[in-house]
Protein chains: 2
Amino acid sequence: MSVAITQHKTGRSTVAKGIRQISRASIEARILAAAESVFAESGFSGATTAEIAKRTGVPKANLHYYFKTKEDLYRQVLQGILELWLGTGDQILPEIDPAQALSHYIAAKMELARQRPLASRVFANEIIHGAPQISDFLQDELRDWVDRKAEVVDGWIAAGKMKPVDARHLFFMIWANTQTYADFAVQIAAVLGRSQLLPEDYDKAGRQLAEIVLQGCGLKMPAQWPPAE
Amino acid sequence: MSVAITQHKTGRSTVAKGIRQISRASIEARILAAAESVFAESGFSGATTAEIAKRTGVPKANLHYYFKTKEDLYRQVLQGILELWLGTGDQILPEIDPAQALSHYIAAKMELARQRPLASRVFANEIIHGAPQISDFLQDELRDWVDRKAEVVDGWIAAGKMKPVDARHLFFMIWANTQTYADFAVQIAAVLGRSQLLPEDYDKAGRQLAEIVLQGCGLKMPAQWPPAE
DNA sequence: AAAAAACTTGATCAAACGGTCAAGAATCGT
DNA sequence: ACGATTCTTGACCGTTTGATCAAGTTTTTT
């Protein structure tokens, strides 16, 4: 019985603690989402904690309860974005067909630009202003990532599967092109005479980028576009 | 004699006025240069008039004598940058060979990224944050520019001089790739394991971009790279 | 030479902002 | 049930910043 009670108690408190954790995680997530949109719109300096609090729907003091400083909040927003960055490119492996791998990567990056343009803009802003918070990430994780992927590409080239190109600049090309449709969306929309970019714009951009990149690497477009999961 | 005196006076005053204008233009140019670097580093919100004044070497109050407000100064910095933007691409004309025209354009844009990275960053920052100051430019001048150039490209395609590609997305591709080496220089340098980008990096990037773009358009690289003026 | 115009600059101000605090409300552990 | 912990919030504070001003200096005009 004491065991039962203890179990009951333990069960109750565990559930309660679980609920509190979920609730805490939930409000933190809401703050982070609001912060991402404000940082994307205004940059780090232009963003105000008051605006982030307002979009979250909590008083400013409450926001500072969950995130000590604005910089702290900004770092955590960036953290989530960096995980997105390295999360793509899992198909770039020696045993995969290069045309398949590259078109898959391009499609995934373009999809990210379409679905998470705010994240892309926060990232871009951070880099443009000298990457004060993420220079370690760039020099360590990202550089390693590129080194590994470049080895794969070089392997394809050595095996005669594609034309010789500089693998690193190839990645820069794919990054630049896909991110430009998130970061510079207003410019592209203006030139296209639209108020905002449409799904078909991203689709066309991704397809043409894949066509030109693959062609430039001496590869054939896969029959299916966008490539299957 | 009165004529001579008058001439002398007029001469003196004209020269004096000329000197004053030159002097005024000179200090304004120094302020604009300092402002460009501060806006590039910190964005519009992050930039302070105190820092701009400090880099110019004048008291803050003096800066406000020449430029009424920070926004005013920012607009004039942008103005100069927009003129750079439209100043390239003069070789994209119906009668020019497409391979020649495109490789020339790519080289010119890459050269701009190398020589005016601050300008590129100020521009990028403005666009990322919604282009509050230059949406008119994007919708009018830039859109017209692209419309005209796209017609030229479409003409080349119709004449069978190059493979059919979407001309607008082709320009977006060139812009994205060249500007990325200015805007994201710290990221690219980090991935390449350098402290900063070297001339040879820009050179390699430009050459590979031209190779891939031209190949993608079914064109041959010109014998000479970078192309002659 | 003297009045007018243009320029310089230290001091100052009001607004905005990041962050704190204390007091209270809600929830949790036992 | 009740003390302890966690959370909420309006009020408040020190700093930063864009901008102004007034007093003075230099240059220009006549």
Side-chain angles (χ1 to χ4, degrees), chain A residues 1-31 34-35 38-39 42-75, chain B residues 1-31 34-35 38-39 42-77:
Chain A
M1 193 149 128
S2 70
V3 170
I5 288 170
T6 305
Q7 283 184 333
H8 189 208
K9 279 179 173 176
T10 313
R12 216 171 35 180
S13 64
T14 299
V15 168
K17 188 182 281 184
I19 287 171
R20 170 161 276 187
Q21 279 174 350
I22 288 168
S23 151
R24 175 165 191 135
S26 160
I27 188 173
E28 284 179 353
R30 281 168 50 221
I31 293 173
V38 175
F39 286 132
S42 313
F44 175 74
S45 331
T48 67
T49 55
E51 177 64 23
I52 296 171
K54 185 181 159 198
R55 291 197 196 179
T56 311
V58 300
K60 191 179 63 170
N62 198 6
L63 182 149
H64 277 93
Y65 174 77
Y66 287 100
F67 299 89
K68 216 69 190 120
T69 68
K70 176 176 149 182
E71 192 177 310
D72 195 44
L73 177 52
Y74 178 63
R75 266 196 294 263
Chain B
M1 193 150 125
S2 69
V3 170
I5 290 171
T6 305
Q7 281 184 333
H8 191 208
K9 279 180 176 177
T10 314
R12 213 171 35 178
S13 66
T14 300
V15 168
K17 188 182 283 184
I19 286 172
R20 168 160 280 187
Q21 280 173 350
I22 287 168
S23 150
R24 174 164 192 136
S26 159
I27 188 173
E28 284 179 352
R30 281 169 49 223
I31 293 172
V38 175
F39 285 133
S42 314
F44 175 74
S45 330
T48 67
T49 54
E51 177 63 23
I52 296 171
K54 185 182 160 199
R55 291 196 195 178
T56 310
V58 299
K60 192 176 63 168
N62 199 5
L63 183 150
H64 277 94
Y65 174 77
Y66 287 101
F67 298 90
K68 216 72 190 114
T69 68
K70 175 175 150 184
E71 192 177 310
D72 195 46
L73 176 52
Y74 179 63
R75 267 195 294 262
Q76 294 202 37
V77 169

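Just so it is clear, the values below take in all heavy atoms, side chains as well, and ignore hydrogens, waters and symmetry mates.
Taking atom CG of A:Asn62 as the reference point, atom C1' of D:dT9 lies 8 Å away to the nearest angstrom. With rounding to whole Å, A:Tyr74 atom OH is found 20 Å from C:dG19 atom C1'. Nucleotide D:dT17 holds its C1' atom 15 Å from the CG atom of B:Leu73, rounded to whole Å. With rounding to whole Å, B:Ile31 atom CD1 is found 15 Å from D:dG18 atom C1'. Straight-line distance from the CZ atom of A:Phe67 to the C1' atom of C:dG18: 16 Å, rounded to whole Å. If you measure from atom CZ of B:Arg30 to atom C1' of C:dT8, you get 13 Å, rounded to the nearest angstrom. Counting to the nearest Å, the C1' atom of C:dC13 and the NE2 atom of B:His64 are 13 Å from each other. Straight-line distance from the CG atom of A:Leu63 to the C1' atom of C:dC21: 16 Å, rounded to whole Å.
Remark: A:Thr49 is in phosphate contact with C:dG18, judged by side-chain N or O atoms under 4.0 Å from OP1 or OP2. For the OP1/OP2 pair of C:dC17 and a distance below 4.0 Å, the side-chain nitrogens and oxygens of A:Thr48 include no atom meeting the criterion. Between B:Tyr65 and D:dA19, a side-chain N or O to OP1/OP2 separation shorter than 4.0 Å is absent. Side-chain nitrogen and oxygen atoms of B:Tyr66 include none within less than 4.0 Å of the OP1 or OP2 phosphate oxygen of C:dA6.
B:Glu51 CD to B:Thr49 OG1: the interatomic distance, rounded to the nearest 0.5 Å, is 10.0 Å. Here the CD-CG distance, from A:Glu71 to A:Leu73, works out to 11.0 Å after rounding to the nearest 0.5 Å.
For C:dG19, its base never sits under 3.5 Å from the side chain of A:Lys70 at any donor and acceptor pair. In this model, no side-chain donor or acceptor of A:Lys68 finds a partner on the base of C:dG19 within 3.5 Å.
For B:Lys60, counting side-chain heavy atoms from C-beta on, the closest listed nucleotide (D:dA19, C:dT8, C:dG18) is D:dA19.
Across all non-hydrogen atoms, the minimal contact from A:Ala53 to A:Leu63 is N-CD1, 3.6 Å.
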| query | Hey, mind stepping through A:Ile27 and A:Asn62 against side chain to side chain contact (heavy atoms under 4.5 Å, CB included) and telling me if it holds? | reply | CA-CA 10 Å; A:Ile27 188 173; A:Asn62 198 6; 4.3 Å; yes
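A residue-by-residue look at A:Gly46 and A:Ala61 shows that A:Gly46 has its nearest nucleotide of DNA chain C further toward the 5' end.
Between B:Phe44 and B:Phe39, the ring planes lie parallel to each other; the angle is under 30°, not in the 30° to 60° tilted range.
Within 4.0 Å (heavy atoms only), A:Ala47 reaches sugar-phosphate atoms of the nucleic acid but no base atom.
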